[in-house]
Amino acid sequence: MVGHTRLGCLPSASLFWFYRTIDLLRRTTFPMDTREDVVPVDYAAEALLHLLFKPTLRHRRYHISAGEVSSVSWHEIAAAFARCHGERPESP
């Protein structure tokens with residue numbers, strides 16, 4: 001989970017800062033086509049509350065995620081940083 005749907009993400013120990021570091025260093029240990037499935041904390045909390053107050057559940061375990069359609073590649077994450085911070089050379 002990273003940030004909040006409306007409030008964004010402030011400096012913290014969140015995963016966002018790991019993403020930002022990878023972007024600034026322009027280095028990864030994985031293919032850029034790797035997909036990330038990260039959701040805002042308020043989305044996860046709302047989903048948990050929904051499940052908590054259901055009278056019965058069909059399954060014993062649920063995975064709260066963005067899902068395949070809404071996950072993003074590292075290329076897309078880098079493009080989002082570029083829109084916010086400008087393009088940088090591929091190699092620092």
Side-chain angles (χ1 to χ4, degrees):
M1 294 177 286
V2 173
H4 187 278
T5 303
R6 291 186 323 277
L7 303 177
C9 184
L10 296 175
S12 68
S14 82
L15 193 56
F16 171 82
W17 299 103
F18 170 69
Y19 293 167
R20 184 74 176 116
T21 301
I22 287 173
D23 181 63
L24 289 170
L25 294 174
R26 311 305 269 179
R27 298 287 186 265
T28 66
T29 59
F30 44 81
M32 289 292 283
D33 292 333
T34 300
R35 297 194 70 76
E36 291 295 310
D37 189 334
V38 178
V39 296
V41 69
D42 57 307
Y43 174 90
E46 187 175 323
L48 287 171
L49 285 172
H50 174 77
L51 292 169
L52 180 65
F53 289 107
K54 285 185 70 81
T56 59
L57 296 174
R58 181 180 289 179
H59 306 285
R60 289 183 53 156
R61 289 180 194 88
Y62 289 82
H63 296 272
I64 298 169
S65 66
E68 193 172 327
V69 173
S70 296
S71 64
V72 295
S73 71
W74 281 93
H75 288 292
E76 292 169 290
I77 293 171
F81 280 126
R83 284 191 301 276
C84 294
H85 302 287
E87 294 288 339
R88 285 171 306 289
E90 283 302 310
S91 184

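Hydrogens, waters and symmetry mates play no part in the numbers below; they use all other heavy atoms, side chains included. Numbers here are sequence positions counted from 1.
Note: Arg61 CZ to His59 NE2 = 12.0 Å, rounded to the nearest 0.5 Å.
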Side-chain donor-acceptor distances from residues 69-78 under 3.5 Å, at least two apart:
residue : atom : partner : partner atom : Å
Ser71   : OG   : Arg35   : NE           : 3.1
Ser71   : OG   : Glu68   : O            : 3.2
Ser73   : OG   : His75   : N            : 3.3
Ser73   : OG   : Glu76   : N            : 3.2
Ser73   : OG   : Glu76   : OE1          : 3.3
Trp74   : NE1  : Glu36   : OE2          : 3.2
His75   : NE2  : Asp33   : OD1          : 3.3
Glu76   : OE1  : Ser73   : N            : 2.6

Listing, residues 46-56 side-chain donor-acceptor contacts under 3.5 Å, not counting sequence neighbours, or none:
none

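Phe81 is not listed as a side-chain neighbour of Ile22, based on a closest heavy-atom distance of 4.5 Å or more.
Nearest heavy-atom pair, Val39 versus Ala66, reported as atom, atom and distance to 0.1 Å: CG1-N, 3.3 Å.
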